[in-house]
Amino acid sequence: MQQTEIYDKLTNIFRDTFDDPDLVIGPQLTADDVDGWDSLYHIRLMLSVQEAFKIKFSALEIGQLKNVGDLANLIELRST
Amino acid sequence: MTDIVASLGWLPRPEANFADQCRDMLDTPGELGRRLQRLASFALAETQLAQLAKQVERARSASLPLDPLVPFRLGLVSNATTDFIRPALIATALRHGISLECVAAPFGQVVQEALSPDSTIRRAEPDAVLVAVDFHGLPLRTAPGDAAAAEAVVGAALDHLESAWEAFNRNLKAGCIVQTIARPVDPCFGSLDLSQPGTLRNIVDTLNRAIAAHAAKTDDILLDVACLAETVGLDQWQSPIEWNLAKLPFANKFVPIYAEHVCRLIAAMKGKSRRCLVLDLDNTLWSGVIGDDGLEGIIIGQGDPTGEAHLSVQQAAMGLRDRGIVLAVSSKNDDATARLPFQQHPEMLLREEHIAVFQANWRDKAENIRAIASELSLGLDAFVFLDDNPAERDLVRRLLPEVAVPELPPDPSLYARTLMASGYFEAVTFSAEDRARADFYRDNARRVTLQKQSGDLEGFLRSLQMIISFRPFDEIGRGRIAQLINKSNQFNLTTRRYSETEVRDAAADPDCFTLQVGLSDIYGDNGMISVIICRRDGRIWHIDTWLMSCRVLGRGVERAILQEILAHAPRHAIDTLIGAYRPTARNGMVSEHYAGLGFEPLAQRQDGATLWRLDVAGKPPEVIPMEVRRSGFAVPTAA
């Protein structure tokens, strides 16, 4: 799966999760930049991502993600 | 794989712009309660429920009125994370006509909330408290093979739960909603677990029976989470990853169905359960069309997969009747024809005596459901309407939004499962009186007069985005034309049967004007739905054949077809149409067809046939609720 395709899909998930239709995401985006992205919403975001991409992350992987770039890379790795 | 329960399969899928509709909710004034309820009536995912709940809380903090929703305040205590459950409950309650305020206790505070006088829950004075404890929150130590130790474990767990339930009951004027425990998946031995005391399986089973017994002897309400988890699959329900990450009590994707089950109970506590099931007949209670296929042609009963599928719908309806749900029928049929299977078909489970009101006619179903409601003195919000036809479902949803209309999957084998999974008939108590309720309606299978037409039918028809297409008879259509000519019984003015050769002759005859009519709509292509043959006699066209599929009745198709004939007439130097109605045992529904289209009565023949006349110039074009396409005509016709 191409990175652009991953970011398109992620954008929808982020907008849905944080209920913000104008949210723009990029590799450098972190939890600190988004209103409401606390540890609990992080888990929920990860659940939505796994469901949408039909992939599984381990708890360790979820804990190690530092920004959206890490997440997109993990998705790319897992879906090939 | 079937996934009806977890996916809320009886609810329509949400519209693509759900999030926008949600956000715009408060910007439009008026009817906020009803609009919130409508948005909640789709199969919403957990994130969508959260979006909707946000609007409810915004409305509440702005003190906007939410009537006609019924307010209810629920306390929520749990040993697990309920942050996603709480908004889901608020949004799901809307679906059931409840404006829910949900007060959640801090994480893990169960007994403390019940005992401490200034706890969050006790200060909120809720109408009920949902005690959402799962196996993680109970001291379930296993003791394989040790019956005495097992009994002690169950006793300790029950003590723990009961101390919370009883304290809430004592200290608040609120009862509890008590949950059974979804069993952990991992076995001790394997199959042996069920027979050995002290295994987790055995302990949880015993505990669940004790929880049910508690609910039966008190006013507390039972929420059978164990059953729900088994229904959707314990392997999916119990999610160690989600527990480890965030102490979610079960896989988060099941939050919508969990919330749905809680809110059904709340709705039932508020007397909002449904009480009457209105059934369609053709392709719902049996396969086939009784008016066309006849008693021998419909498929119902054992020995055939489709027949068994429809039998299971009847069994489900009968099961509901046995517990006091009133059954009614709404069918587009002649009354006598519709009753035949109930009276004479040996495989029918449902009989006329089981049906309280039997409405078979050619009027729209919203009108008929209204008549049934008034006859039974029940509000429209007590009704569930089961119909295989998506257009009928949409019509009733649009015109009678209070009526619950389950979506149905393509395969009739799943109709009964879908209806029963919907939970429309949830009950929190059951008495002998309930059981007898369906019998109170002794005057069985009666018919009631219709009231005025309901709602904006033309608006609904336009929303179907129908496209009607006209072609003269041709090679491609010939087989299907002949089939329709030889099969159609009900909407058939003259019931003249023609072979394929005769159809070809008509197409080639310069004195014959023919039409094959197709119709598509938002639900798909209905294929060829009507056949017309007009024969010239000087300046007159005799309408030799006019037949139509009953599936597209009530869509304005007849008007569109007449308009098409009239549009072609001048080009053929025709100034008069003469139509004939030749009565048969089956075609009573079209006896007034020509009168309805504005023809004047011309003559009645001895055999009962009637003749009707229309001046081509005397009928100006009218607006019809569909787009017209035509092809294959020798000379283009002005619309």
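All heavy atoms count here, side chains included; hydrogens, waters and symmetry mates do not. A note on names: the letters A, B, ... follow the listed sequences, proteins ahead of strands, and every chain is numbered from 1.
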Can you confirm whether [X] is buried at [atom1], in the sense that more than 12 heavy atoms of other residues, nucleotides or ligands lie under 6.0 Å from that atom?
X: A/Asp35; atom1: CG; result: no
X: B/Asp235; atom1: CG; result: no
X: B/Arg23; atom1: CZ; result: yes
X: B/Glu57; atom1: CD; result: yes

Query raised in the report: To the nearest 0.5 Å, how far apart are CD1 in B/Ile241 and CE in A/Met46?
Result: 13.5 Å

Query - Spacing of CG belonging to B/Leu245 relative to OG belonging to A/Ser39, to within rounding of 0.5 Å - result: 10.5 Å

Query raised in the report: Less than 4.5 Å apart, any side-chain heavy atom of A/Leu40 and any of B/Phe84?
Result: yes

**Report entry** Engaged part of B/Glu46 at the chain A interface, taking heavy atoms whose separation is under 4.5 Å
**Finding:** both

Requested in this report: Name the region of B/Lys54, side chain, backbone, both or neither, that has any atom closer than 4.5 Å to a heavy atom of chain A.
Outcome: side chain

Report summary line: Which of B/Asn252, B/Asp83, B/Val255 passes side chain to side chain contact (heavy atoms under 4.5 Å, CB included) with A/Arg44? It is B/Asn252

**Report entry** Partners passing ring pair (Phe, Tyr, Trp, His ring centres under 6.0 Å) against B/Phe250 (at least two apart in sequence or in another chain)
**Finding:** B/Trp237, B/Tyr258

**Report entry** Residue A/Ile43 versus chain B: region with a heavy atom under 4.5 Å
**Finding:** side chain

Query raised in the report: Looking just at side-chain N and O atoms, do A/Asp16 and B/Gln48 make a donor-acceptor pair shorter than 3.5 Å?
Result: no

